[in-house]
Amino acid sequence: MSSLSWFTRAVVGWYASGHRDLPWRRTRDPYRIWLSEVLLQQTRVDQGMPYYERFVERWPTVEALATADEQEVLKAWQGLGYYSRARNLLSAARQVVHVHGGRFPDTRAGLRQLQGVGEYTAGAIASICFGRPEAVVDGNVYRVLARVFAIGTPIDSTAGQREFRALAAALLPKTAPGDHNQAVMELGATVCVPRAPLCDRCPVSPRCLARRQGCIDRLPVKGGRGRVRERHFNHLCIATDGGLVLRKRTGKDIWAGLHEPPLLESPHPLAPAAFRSALRRAFGPGWKVHGHTGPVRHVLSHQVLHLTYWEVTPPRSFAPPADWRAVAGPHLDRHPVPRPIERYLALRRPAEPGP
DNA sequence: CACTCGTGGCA
DNA sequence: TTGCCAAGAGT
């Protein structure tokens, strides 16, 4: 008891005196904790919350989720980004059911074997659900520790990750490690925030080295982002009797598993004449181009997309690639699509006005 | 290991 | 407008 460090004493005491009442804090069910942790990876609580509620409602148990179809899960994930999380989520659910008999592993190493569960998520589940003495280091923890201990090692370097992991482990109390972990993360999320931290409300500000040294706004140190790639997407909007033509994206590119109108990517923006030329080169002669909308600018973490939607009609002789599918209006809703395609479809077919 | 994977909010 | 960033993981 008295061996508790001043750090844990201050932060856990502060946490116990009141914190946000988030739905996943009302349970220790590893399924729900896991779901919340994956949903919140690189994602704001406000953004992930409605998704959590819908997932729990629709798939209340890991067994239920394991029986889901990948397209269903991607559809439920639509709009949240980083869609590999959704595919890994389903994969891990099936691992839990078919390899572990429906029970989540109760150790960090065991959890680590699940698809989409890395060092952070494994530590979070192990400490919160099973009381294991495993420290977690997420973005919040990096920030709190970098400031309180005035550590300037870049958090995205190998040395930084080692250093912060060791410090977090040294600070972890033997009793109630899950509460300690959540308390530090909550402090980072609500008080020790990236810009303009609320130091007058911080339980450790009297001993915060960065505050003492006046360098809070320069910590933590991160390397700059890499260069952003510019891409030009020319979508072929083909209306048939059976509906709009879509194809499913595959491979390792963005939006794997999501649908879109057939794509003609070009290294530069295309004027109508250049588009006709590119269309003929890619899919043969005889196409008609009726008009276009865009380009629409869409920013991703490492790319900037310029999307143009071209209304086209193929010649009668055209034999479409095997993965093209005409999708009638009522069925469009079942296909997961990326945000810009979702917006395009909404413009193309305005939603029915509410009652 | 450097790079990649979305989206939206904010100053 | 631009850049930063938010409960990371996979390759």
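All values derive from a computational prediction rather than experimental measurement. The sequence lines fix the lettering, A, B, ..., with proteins before strands; numbering per chain opens at 1.
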Rounded off to whole Å, could you give me the [atom1]-to-[atom2] distance for the [X] and [N] pair?
X: A:Arg249; N: B:dG6; atom1: CZ; atom2: C1'; result: 13 Å
X: A:Trp255; N: B:dC5; atom1: CH2; atom2: C1'; result: 12 Å
X: A:Gln42; N: C:dC4; atom1: CD; atom2: C1'; result: 13 Å
X: A:Lys252; N: B:dC5; atom1: NZ; atom2: P; result: 12 Å
X: A:Lys222; N: C:dG8; atom1: NZ; atom2: P; result: 9 Å
X: A:Arg339; N: B:dG6; atom1: CZ; atom2: P; result: 13 Å
X: A:Asn140; N: C:dA7; atom1: CG; atom2: C1'; result: 6 Å
X: A:Leu258; N: B:dT7; atom1: CG; atom2: C1'; result: 13 Å

Residue [X], side-chain heavy atoms: nucleotide from [options] that is nearest:
X: A:Arg44; options: B:dG8, C:dA7, C:dA9; result: B:dG8
X: A:Tyr83; options: C:dA7, B:dG8, B:dG6; result: B:dG6
X: A:Trp24; options: C:dA7, C:dA9, B:dC5; result: C:dA7
X: A:His302; options: B:dT4, C:dG10, C:dA7; result: B:dT4

What's [X] touching, base or sugar-phosphate or nothing? Going by heavy atoms closer than 4.0 Å.
X: A:Trp77; result: nothing
X: A:Thr43; result: base
X: A:Asp253; result: sugar-phosphate
X: A:Glu119; result: sugar-phosphate
X: A:Leu22; result: base
X: A:Gly188; result: nothing
X: A:Val141; result: nothing
X: A:Arg143; result: sugar-phosphate
X: A:Thr121; result: sugar-phosphate
X: A:Leu300; result: base
X: A:Arg343; result: sugar-phosphate
X: A:Leu80; result: base

Phosphate oxygens OP1/OP2 of B:dG6: is one of them under 4.0 Å from a side-chain N or O of A:Gln303?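 The answer is no; no side-chain N or O of A:Gln303 sits under 4.0 Å from OP1 or OP2.
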
According to the interplanar angle, ranging from 0 to 90°, do the rings of [X] and [Y] count as parallel (below 30°), tilted (30 to 60°) or perpendicular (above 60°)?
X: A:Trp77; Y: A:Phe55; value: perpendicular
X: A:Trp34; Y: A:Phe104; value: tilted
X: A:Phe149; Y: A:Phe7; value: tilted
X: A:Phe275; Y: A:Trp310; value: parallel

How many angstroms lie between atom CZ of A:Arg32 and atom OG1 of A:Thr61, to the nearest 0.5 angstrom?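 It comes to 9.5 Å.
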
P gap between C:dA7 and B:dC10, integer Å: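 The same atom, P, in both gives a distance of 15 Å.
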
Given the C1' atoms of C:dG8 and B:dC1, what is the spacing between them in whole Å?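 Each nucleotide's C1' atom is 16 Å from the other's.
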
Using heavy-atom distances to pick each residue's nearest nucleotide on DNA chain B, tell me which of A:Asp156 and A:His298 is more 5'.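 So the residue in question is A:Asp156.
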
Cut-off 3.5 Å, side chains only: do A:Arg87 and A:Tyr83 have a donor facing an acceptor?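 A:Arg87 vs A:Tyr83: no donor-acceptor pair found between side chains.
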
Centroid separation A:Trp59 to A:Tyr31 less than 6.0 Å: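 For A:Trp59 and A:Tyr31, the ring centres are not under 6.0 Å apart.
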
Starting at the 5' end of DNA chain C, which residue's closest nucleotide do you reach first, A:Val137 or A:Arg195?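 Upstream on the strand: A:Arg195.
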
Confirm from the modelled atom types if A:Arg20 and C:dA7 form a donor-acceptor pair under 3.5 Å, side chain to base only.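 Under the 3.5 Å cut-off, the side chain and the base do form a donor-acceptor pair.
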
